[in-house]
Structures are given as C-alpha cells and as structure tokens.
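Here's the structure, in structure tokens; my notes come after.
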Amino acid sequence: MIVFVALLCVLGFGFDAFYVGVGGGYVPVGSLMALMVGAVSASVGYFRGDRAVLAATAARPLDEVEAAADEASKLKVRQLRNVVDEMSIAAGLPPPAVYVVPDQDPNAFATGRGPGHASIAVTRGLLETLDREELQGVVAHEMSHIRNLDVRLMTVVAALTGAVALLADWARRGMMWGGGRQRDDDRRGGVAGIVFFAVWIVAILLAPLVARILATMVSRRREYLADATGAELTRNPLGLARALEKLEEAVEPTRAIKQGSAHLCIADPLGRQINLRTGFWSDIFASHPPMAARIAALEAMAFQGDGPQ
C-alpha cells in the first residue's frame, strides 16, 4: 500500500514540476489531484467494488438460479447452499450472499468488504464438474478469503491499480500535447531537476506495469494462505487438491470474468497457460501461483506426495 501511495505521489509531483512549477507560493495541484484520485478510487472500490464485479460477470443470485433450474440443476444448487452454510459455521462467519456465473468453465471467486458484506460466486461449470467434497474445498477456499479479509485487500488494491494506470495515462497524454514546455528551464533547471524529470518519465512508462506486478504478488501470496485456511476449515486438504486438479485440466478461459477481476478467482480465468510455465518471469506476471505447487502443498498437509519443491 505504501508503494502504491508513493507511485501516486511521484506521478502527481512530476506533473507539478513539469506543468505548474515549484518554488515560492507553490500549490501542489498535481500531488493533491493524484492523492484525491487514489482516495476516491479506493473508496468507491471499497464500498461498490463487489457490486461492479458481480455485475460485470453477469452473476445471478442463487435463489433466481434455483427458481429457473430443472430438477437436476436444483439438486446442485441446493448442495451449493448447504456447503456454503457448512463452511460459514466452520469459519464462524455470517453466510455470504451466493451467486452463480453463467459460464461453463469451472471457477469461483469471493468479493466484498469482509464478513457480513461479502459474496461468493461460482460458475455453472464448477457446479457441474465437482463432486461434493471438491465443491466443499473450493467454497472453503473462498470463505477463507473472506475470513482473512483478502476480499477487502484485493478490492482496494485493484482500485489503486486502476488509479495508477489512469494517472499515468493522463501524464502521457499531457506530454504528447506538449504542455509545460515554455517554462522548462525554470522548472527543470539543474542536475537534480533533470534527474527527477528522467525518473518521472520512467515512472509514467512503468507505473501501470509496476502496479500490476504488485497486485499479482499480493494475490499469489493470499492464494497460498486461502488454500491452507480452506484445508483447516474442511479438515480435508485432498478435496481441494482434487478440485484444483480438475480446474487445471479445464484450459479454456472463463469468458465471463475479465482481466480486472482475474486476481479474485481461485484459478486463472484467462487461461491456465501461464501457470504451466516456470521461472522468474512467469512468477512475476502470473496472477496465481503454479497450480502444481498448490496441489503439492495440499497433498503434503494430508501426508501424501512429496510436498512443494
């Protein structure tokens, strides 16, 4: 969070130095604007981000899905409701709202501000693919995100990532228009000014990439924690391990879930190809940890397999 705020401040102060000028009577217009955009984005994301995510995925409340379902599908829906109630009791949390996303690729995510203001959404494909123990493992994983307050953290991180990208885009457009060139000598005089201007240019170019790396880094760490907490809730790590194996086999993307919400899902909704690679760059840019490492860790909890390498 400190790095996100620092990025916003650098972008804002650079705007002031390049367009407004600093010195006597300096009013930090750009810095204040950057912090305001970040604060508004974080606030809107905190209070309304979950509604936006659910609307973007066309998720439907479980009651509506059950009312329109045939008898076979109603059994799956009732099973989901029962599993959510079980995991709510195990986690000591109020039951979250439950939604179904009309997508055949198996996936799931949790969103919201925390216990009492959270939702769990699963795809239709997940209901059709998993048995009860596997579904319980997935729901426990998502319930763990709620209990660990990951939903709150990732909602704010996503909003700040968008704010950084927005400000960087504004700064790039301003430079293309040529603003501030009439007073370049006054604003960027001396070696220090030239160095800061170079740093600001680099920040404009790299800020969206850095923000994305920060978001994915946070997401990967919280996925491991949610797997462990989910195994604690179910006392059955192999149920979640089998579910992850089935999710890994489904290589098609979850088309209802876009890139902005990818970090919320239990498995990469944009296609699992990145998780099939290993190495430094895949670790940097992947929104999720390698599925094989997650499965190995869960099997180790059940004293099976060799554990994570």
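The figures here come from the full heavy-atom set of this structure, side chains too, leaving out hydrogens, waters and symmetry mates. From a predicted model like this one, the values you see are computed outputs, not experimental measurements.
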Quiz item: With a 4.5 Å limit on heavy-atom distance, are the side chains of I120 and I146 in contact?
Solution: yes

Quiz prompt | Test item: P95 and I89 side chains (from C-beta on) under 4.5 Å apart, heavy atoms | solution = no

Grab the two heavy atoms, one from [X] and one from [Y], that are nearest each other, plus how far apart they are.
X	Y	value
P290	Y224	CD-OH, 4.1 Å
P94	G116	CG-N, 3.6 Å
I257	C265	CD1-SG, 3.5 Å
K74	A69	CE-O, 3.3 Å
A140	G230	CB-O, 3.7 Å
S119	L54	OG-CD1, 3.9 Å

Quiz item: Among D268, T57, D105, which residue meets the side chain to side chain donor-acceptor pair (under 3.5 Å) test with T254?
Solution: D105

If a pair satisfies salt bridge (Lys or Arg N to Asp or Glu O under 4.0 Å) and one of its residues is in [range], list it, with sequence neighbours excluded.
range	answer
residues 79-103	D63-R81, E66-R81, E86-R132
residues 140-151	R147-E232, D150-R222
residues 253-263	E252-R255
residues 37-53	none

Practice problem: Not counting sequence neighbours, which residues clear salt bridge (charged side-chain N to carboxylate O under 4.0 Å, His left out) with E128? List them please. | Solution: none

Exercise. Quick one: list whatever passes salt bridge (charged side-chain N to carboxylate O under 4.0 Å, His left out) with R294, sequence neighbours left out.
Key: E223, D227

To the nearest 0.5 Å, what is the distance between [atom1] on [X] and [atom2] on [Y]?
X	Y	atom1	atom2	value
L135	Q79	CG	CD	5.5 Å
L225	R220	CG	CZ	15.0 Å
L247	T129	CG	OG1	8.0 Å
E133	L240	CD	CG	12.0 Å

Practice problem: With sequence neighbours excluded, give me every ring-ring contact (aromatic ring centres under 6.0 Å, His included) pair touching residues 118-154. | Solution: H141-H145

With sequence neighbours excluded, what pairs up with [X] under the side chain to side chain donor-acceptor pair (under 3.5 Å) test?
X	value
K246	E134
S73	D70
R60	none
T229	N148

Practice problem: Have a look at N107 and tell me which of L126, V122, I266 forms a side-chain contact (heavy atoms from CB on, under 4.5 Å) with it. | Solution: I266

Exercise. Check the pair M87, L93 against side chain to side chain contact (heavy atoms under 4.5 Å, CB included), reporting the backbone distance first and the verdict last.
Key: CA-CA 8 Å; M87 292 300 97; L93 301 177; over 6 Å; no

Quiz prompt | Under 4.5 Å side-chain linkage, directly or through intermediates, the cluster mates of M36 | solution = V40, V44

Exercise. State yes or no: do V151 and L149 share one hydrophobic cluster built from I, L, V, M, F, W and Y residues joined by side-chain heavy-atom distances below 4.5 Å, directly or via other members?
Key: no

Exercise. Report whether M154 and F47 are members of the same hydrophobic cluster (ILVMFWY, side-chain heavy atoms less than 4.5 Å apart, transitive linking).
Key: yes

Exercise. Start with the C-alpha gap between L298 and L238, add the side-chain angles, then the distance that decides, and say whether side chain to side chain contact (heavy atoms under 4.5 Å, CB included) holds.
Key: CA-CA 7 Å; L298 289 165; L238 292 182; over 6 Å; no

